[in-house]
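The next block holds one structure in the form of structure tokens; read it before the comments.
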Amino acid sequence: MKAFFLILLMVNSFKSLSCGVYNISSQAISDIVKQSLKTVEVYRVEDVEKPRPTPLLSERTKLANLIYAGWVNWESKHYACFISDLYHERFDPIGGYDGLIEIYSMPQIKLVLASVLIQANNKGLIELDRGSIRNYIIEVRSKNHFNTKRFVLIALGTLGDIRDVEYLNSVASEDDGKGYAEIAKVALSIHKSVSDYIERTRN
């Protein structure tokens, strides 16, 4: 199934959608799709999340890192459009491959996608319903899913919404021994830069 998917991926190399066109056979996107397939395979075998290192956690972390790296290296509208398809669960180039949708809808991955989309919107590359995406982040935060807190902190910092300053400050002031305080401090710094930029561009 995996080999068949990759062959079709090469044949159907361009994807068109409302915000633009992207080449799904490009290196960054191809690497993400291949890692997504690896993650699906592990997820199908493991089928449960456990609060300890597992093959699923390892493969999912690799996928998250690839998504971040793609944005750092590209920072383009094309890449943002691809990420938008992943976030909105529209990316399925061969049809019927539900495993990919399952992976991209996991909060540990969807939060990463959200952060990239917010950054792309901050740069004016794509349109984004920031209220809707914030609601998703807050929903994940309230449910306290395993291995999501740092992604929540980063996403809220990137969003730059004044309503999240109190929460970020509260985490930054706590020494829980897990490193979240330091991540929250970084998120607060990012938050200030983003909110200042938004304020300047509005005036």
Side-chain angles (χ1 to χ4, degrees), residues 5 9-10 12-37 39-40 60-95 97 100-141 148 150-161 164 186-187 189-202:
F5 178 90
L9 185 64
M10 289 186 287
N12 301 310
S13 59
F14 288 91
K15 182 81 172 177
S16 177
L17 70 168
S18 58
C19 87
V21 176
Y22 53 84
N23 183 357
I24 60 178
S25 64
S26 66
Q27 190 64 53
I29 292 177
S30 177
D31 286 348
I32 288 171
V33 174
K34 289 175 184 176
Q35 182 56 40
S36 298
L37 291 170
T39 309
V40 168
R60 197 167 56 198
T61 300
K62 291 176 187 177
L63 177 57
N65 289 340
L66 283 173
I67 293 168
Y68 277 135
W71 171 249
V72 170
N73 292 328
W74 276 24
E75 287 198 7
S76 70
K77 179 176 180 178
H78 301 304
Y79 186 76
C81 286
F82 166 65
I83 296 301
S84 179
D85 263 13
L86 301 190
Y87 181 85
H88 292 104
E89 301 174 13
R90 291 189 299 247
F91 182 77
D92 191 6
I94 66 172
Y97 202 79
L100 287 177
I101 303 300
E102 290 180 82
I103 296 303
Y104 301 138
S105 63
M106 289 180 176
Q108 297 86 352
I109 295 301
K110 196 161 185 173
L111 285 169
V112 176
L113 301 173
S115 292
V116 171
L117 288 180
I118 295 165
Q119 291 180 67
N121 179 251
N122 289 346
K123 290 180 175 291
L125 296 176
I126 60 169
E127 294 184 3
L128 186 68
D129 185 342
R130 296 173 75 91
S132 175
I133 210 163
R134 179 180 181 273
N135 288 342
Y136 174 72
I137 298 166
I138 298 302
E139 178 186 346
V140 174
R141 189 187 87 186
T148 57
R150 70 186 183 98
F151 297 124
V152 165
L153 294 170
I154 292 168
L156 291 178
T158 306
L159 193 60
D161 193 302
D164 301 315
V186 172
S189 178
I190 295 170
H191 187 286
K192 186 177 187 312
S193 297
V194 173
S195 58
D196 286 350
Y197 173 77
I198 292 174
E199 189 65 29
R200 285 198 309 271
T201 55
R202 281 177 180 170

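All values below come from the heavy atoms of this structure, side chains included, with hydrogens, waters and symmetry mates left out.
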Going by atom type alone, with no hydrogens or angles, which donor-acceptor pairs under 3.5 Å involve a side-chain atom of residues 61-70 and a protein atom two or more places apart or on another chain?
residue	atom	partner	partner atom	Å
Thr61	OG1	Leu57	O	2.7
Asn65	ND2	Thr61	O	3.4

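The closest donor-acceptor contact from the side chain of Asn122 to the backbone of Leu159 lies at 3.5 Å or more, if one exists at all. Proximity of a side-chain donor or acceptor of Ser105 to a complementary backbone N or O of Glu102 within less than 3.5 Å is detected. With Asp85 contributing its side chain and Arg90 its backbone, the two residues share no donor-acceptor pair below 3.5 Å. Put simply, the side chain of Ser84 never gets that close to the backbone of Ala80: no donor and acceptor are under 3.5 Å apart. Between the His191 side chain and the Asp161 main chain, a donor and an acceptor come within less than 3.5 Å of each other.
Annotation: salt bridge (charged side-chain N to carboxylate O under 4.0 Å, His left out) contacts involving residues 109-122, sequence neighbours excluded, comprise Glu89-Lys110.
Side-chain contact of Arg130 with Asn135: a donor-acceptor pair under 3.5 Å is absent, judged by distance alone. With hydrogens and angles left out, the side-chain atoms of Asp31 and Gln27 include a donor and acceptor closer than 3.5 Å.
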Run Asp196 and Lys192 through salt bridge (Lys or Arg N to Asp or Glu O under 4.0 Å) and show every step you take. CA-CA 6 Å; Asp196 286 350; Lys192 186 177 187 312; 2.8 Å; yes

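Using a 4.5 Å heavy-atom threshold, the side chains of Asn73 and Tyr79 count as separate. Side-chain contact between Ile83 and Trp74: absent, with no pair of heavy atoms (C-beta onward) separated by less than 4.5 Å. Contact check for Leu156 versus Val152: side-chain heavy atoms found under the 4.5 Å cut-off. Two residues are said to be in side-chain contact when any heavy atoms from C-beta on lie closer than 4.5 Å; Tyr104 and Ser36 meet this criterion. In this structure, the side chains of Leu37 and Leu100 come closer than 4.5 Å at one or more pairs of heavy atoms. Side-chain contact check for Phe82 versus Tyr87: every heavy-atom pair is 4.5 Å or farther apart. A heavy-atom distance below 4.5 Å is found between the side chains of Asp164 and Arg134.
Residues Pro107 and Thr148 approach most closely at CB-CG2, 4.1 Å, considering heavy atoms. Between Ile154 and Ser115 the shortest heavy-atom distance is CG2-OG, 4.1 Å.
Asn121 CG to Thr158 OG1: the interatomic distance, rounded to the nearest 0.5 Å, is 11.5 Å. Rounded to the nearest 0.5 angstrom, Ile101 CD1 and Met106 CE are separated by 12.0 Å. Rounding to the nearest 0.5 Å gives a distance of 6.5 Å between CH2 of Trp71 and NZ of Lys123. Taking CG from Leu113 and NE2 from His88, the interatomic distance works out to 10.0 Å, rounded to the nearest 0.5 Å. The distance from the OG atom of Ser30 to the CD atom of Gln35 is 11.5 Å, given to the nearest 0.5 Å. To the nearest 0.5 Å, atoms CG (Leu86) and CD1 (Ile109) are separated by 10.0 Å.
Glu127 meets the salt bridge (Lys or Arg N to Asp or Glu O under 4.0 Å) test with no other residue; sequence neighbours excluded.
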